[in-house]
Structure formats: structure tokens, C-alpha cells
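First up is the structure itself, then whatever we jot down about it.
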Amino acid sequence: MRKAIVASLLILGSTLSWSQAKLSVHWEELTAADFLQGIHRSSGICLLPFGILEKHGPQLPLGTDLLDVRHAALTAAEQEYAVVFPEYYFGQIFEARHQPGTVAYSSHIQLELLQETTDEMARNGCKKIIIVNGHGGNESLLPYFAQTQLEKEHDYVVYVLGLVETPPGGPQKTDKLDMHAGQSETSMMMISRPDLVHMDRANQQSGADQARLHLPENLYTAIWWYARFPNHYSGEGSTATKELGEWKMNGWIKAIVESIRAVKADQNSVKLQNEFYEQSKHPLDTKQ
């Protein structure tokens with residue numbers, strides 16, 4: 001009898017271990033029970049890969065930023081477990097409204113939807129949310145959103161991982177502009193979705209800087225991008241290589257893994273955030 005009980009426990013233990021080892025990092029692939037396991041296994045850390053839908057030159061898909069950031073985030077989460085939210089492309093892209101396929105939501109919808117999304121993620125146990133940005137047009141939006149979390153109390157913390165600098169070394173770049181759909185983005189898409197790269201079309205349009213504005217460097221106007229790159233293409237996608245794509249993608253994945261580990265270890269942000277909320281109720285009583 002005792003041997004039978006021990007054998008049953010061993011089988012149950014190995015089954016649970018197998019289940020945990022095979023736990024998907026995709027939010028949408030988990031069952032409700034597996035989702036509970038995922039939240040516990042991740043220590044409440046969830047990733048929100050943030051993309052966009054816009055033209056990427058003549059050779060890349062509209063969802064390039066979304067596809068790339070999800071590839072990087074999902075691969076990182078496999079290395080350091082975290083639950084990854086489904087496709088999210090509701091960001092800032094007004095500068096590409098003149099191009100087919102662009103989806104540009106109004107500014108208030110962008111902020112409201114993002115707030116409700118993180119609120120719902122937190123209600124489901126994601127108490128530390130890392131927004132992983134994959135689109136240059138969100139580099140101002142996302143830090144601003146993170147700052148607005150101090151407007152009222154939240155029982156979770158938002159972190160933003162902005163666009164990651166490629167580590168030094170690696171294959172040499174030859175594209176001097178390389179700002180949008182150029183050598184780098186085309187190379188990375190060769191890694192995340194090579195089936196969607198149309199290299200034969202890369203030279204069908206110009207990605208040259210048309211330099212139609214002459215303003216001081218620190219003077220900003222929203223039309224700057226259109227003035228320089230009306231084709232919504234900056235660089236030379238035809239110079240892309242798989243080797244460069246692997247180098248850049250691996251550097252990005254490494255940065256996400258390091259961010260997950262840092263957030264797992266971070267106990268101060270939530271403590272200080274709660275302290276701030278409390279002190280902001282009575283600013284005259286705050287110690288000077």
C-alpha cells in the first residue's frame with residue numbers, strides 16, 4: 001500500500017514538473033488554470049510588447065514593429081519566464097496616416113486603452129508590467145504614460161523598456177540613414193519573419209532624406225518626418241543581411257531578459273510608489 005502511494009506521488013510530481021516546464025509564455029495560449037501557474041512562476045511579471053501598424057518601405061510588412069517586438073519578447077520570456085500579453089498595436093503613428101494600411105487611433109484612445117489594458121493585466125495578477133517598445137513613434141508616448149501612473153493610486157508598477165541600442169561589434173552596417181525599414185529593420189525581419197521580407201522590392205522606392213526643412217536642431221515640429229521621408233522609408237533595405245539581424249535581435253533579447261530579471265529583483269519601486277501616494281495626500285506634512 002505504501003509503495004503504491006509513493007509511486008502515485010512520484011507520477012503526480014513528474015506530471016506537475018512536466019506541466020510547469022511546458023508552460024507557455026503566451027497569455028492567449030494558457031488555460032485559466034495554467035494562467036494561475038504562469039503568474040506564480042513569473043512572480044507577477046508580465047510583458048506588454050508594444051508595436052504599431054504602418055508602412056515599412058516597399059519590402060516589409062505593415063506589422064514589422066509588432067512582429068519584431070513580439071519575437072524578441074517571447075524569446076526572452078522563454079529564457080526568463082514571464083507572461084506575454086497578446087498583440088498590441090494601439091500606439092502613436094499619426095505621421096504615417098498618408099500611407100495605406102496605417103491604423104492611427106486618436107490620442108485619447110491610445111492613453112485610455114493602454115491604461116485599461118494595464119489595469120486589467122494587474123487585476124489578473126500582473127503587479128509588475130514591462131512595456132517593451134518596438135516602435136520609434138512611441139518613445140515619447142510610453143514614458144509619458146508611465147509618468148501618469150503617479151496621477152492616482154495603482155497597486156502595480158509600470159516599467160518601460162525603450163528602444164535598445166545594438167551592442168558594439170557584430171557585422172558592419174553600411175546604411176548611413178537606417179532610420180525606418182532600412183538595413184537594420186529589414187535584417188531583423190529576416191530573423192523574426194523571413195517569409196514576409198520581399199528583398200526584390202527594396203529598391204522600388206527611395207529612402208533618401210529629402211531635407212525639406214531648414215530649422216535649428218533643437219526646434220521641433222511634427223511635420224519633420226514627412227518633410228524628410230515622405231515615402232515613410234529611411235535607408236537602404238536592400239543592404240540587409242541575416243547576420244546583422246541575428247546580432248541586433250540577440251542584443252535586444254538579452255536586454256529584455258536582463259530587464260525581467262531586474263524587475264523580479266526590484267522590491268523598491270512598489271514600496272516607494274506607495275510611499276509617494278501616501279505623502280501626496282498630505283503634501284504640507286511631507287518632511288522637508
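Atoms considered below: every heavy atom in the structure, side chains included; atoms not considered: hydrogens, waters and symmetry mates. All values reported here derive from a predicted model rather than from experimental measurement.
Gly162 and Glu139 make their closest contact through CA-OE1, 3.5 Å (heavy atoms, listed as atom of the first residue, atom of the second, distance). The heavy-atom pair separating Gly245 from Ile191 by the smallest distance is C-CG1, 3.5 Å. For the pair Gln267 and Lys128, the tightest heavy-atom approach, listed with the atom from each and the gap, is NE2-NZ, 3.9 Å.
His214 is linked by a side chain to side chain contact (heavy atoms under 4.5 Å, CB included) to nothing, counting only residues two or more places apart in sequence or in another chain. Contacts of Tyr89 classified as side chain to side chain contact (heavy atoms under 4.5 Å, CB included), with partners at least two apart in sequence or in another chain: Leu53, Leu66, Tyr105.
Looking at Gln115 and Asp119, their side chains do bring a donor and an acceptor atom within 3.5 Å of each other. Gln59 and Thr186 are linked by a side-chain donor-acceptor pair at a separation below 3.5 angstrom, with hydrogens and angles left out of the test. Judged by distance alone, the side chains of Gln205 and Lys55 do bring a donor and an acceptor atom under 3.5 Å apart.
The backbone N or O of Ile45 lies less than 3.5 Å from no partner atom in the side chain of Ser43, so there is not a single donor-acceptor pair. Side chain of Gln149 to main chain of Phe145: a donor-acceptor pair is present (N/O by atom type, distance under 3.5 Å, no hydrogens or angles). Between the side chain of Ser280 and the main chain of Phe276, a donor-acceptor pair closer than 3.5 Å is present. Side-chain atoms of Asn138 come within 3.5 Å of backbone atoms of Gln92 as a donor-acceptor pair (strictly under, hydrogens ignored). Although no hydrogens or angles enter the test, the distance criterion places no donor-acceptor pair under 3.5 Å between the side chain of Ser192 and the main chain of His71. Under a 3.5 Å cut-off, the side chain of Tyr233 and the backbone N or O of Ala202 do form a donor-acceptor pair.
Taking the six-membered ring where tryptophan is involved, the planes of Tyr88 and Phe90 are perpendicular, since the angle between them exceeds 60° and thus also 30°.
One finds a salt bridge joining Lys264 and Glu80 here, because a Lys/Arg side-chain nitrogen approaches an Asp/Glu carboxylate oxygen to under 4.0 Å. The pair Glu95-Arg228 does not count as a salt bridge, with every side-chain nitrogen at least 4.0 angstrom from each carboxylate oxygen. A salt bridge does not link Lys173 with Asp175: none of the charged nitrogens is closer than 4.0 Å to a carboxylate oxygen. Salt bridge present: Glu153 and Lys281 bring a charged side-chain N and a carboxylate O closer than 4.0 Å.
Within the model, atoms CD of Gln273 and CG of Asn268 stand 12.5 Å from one another, a figure rounded to the nearest 0.5 Å. Here CG of Leu196 is found 9.0 Å from CG of Leu60. Values are rounded to the nearest 0.5 Å.
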Worked verdict on Thr148 versus Leu111 for side chain to side chain contact (heavy atoms under 4.5 Å, CB included): CA-CA 10 Å; Thr148 65; Leu111 289 170; 5.7 Å; no
Residues Phe50, Val132; criterion side chain to side chain contact (heavy atoms under 4.5 Å, CB included); working and verdict: CA-CA 6 Å; Phe50 205 111; Val132 183; over 6 Å; no
Derivation of the salt bridge (Lys or Arg N to Asp or Glu O under 4.0 Å) call for Lys22 and Glu29: CA-CA 12 Å; Lys22 295 294 183 179; Glu29 292 182 358; over 6 Å; no
Test side chain to side chain contact (heavy atoms under 4.5 Å, CB included) applied to His232 and Ile93, step by step: CA-CA 11 Å; His232 211 59; Ile93 190 56; 4.2 Å; yes
Test log, rule side chain to side chain contact (heavy atoms under 4.5 Å, CB included), inputs Trp27 and Met121: CA-CA 10 Å; Trp27 182 304; Met121 291 173 72; 4.0 Å; yes
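Figure legend: cation-pi geometry between Arg212 and Tyr226, with NZ or CZ positioned under 6.0 Å from the six-membered ring centre and within 45° of its axis.
Each of Leu161, Ile129, Val157, Ile130 was scored for a side chain to side chain contact (heavy atoms under 4.5 Å, CB included) with Val263, with one residue passing: Ile130. Exactly one residue among Gln99, His135, Arg97 makes a side-chain hydrogen bond (donor to acceptor under 3.5 Å, both in side chains) with Glu54. That residue is His135.
Applying the salt bridge (charged side-chain N to carboxylate O under 4.0 Å, His left out) definition to pairs two or more places apart or across chains, those involving residues 239-255 are Lys254-Glu258.
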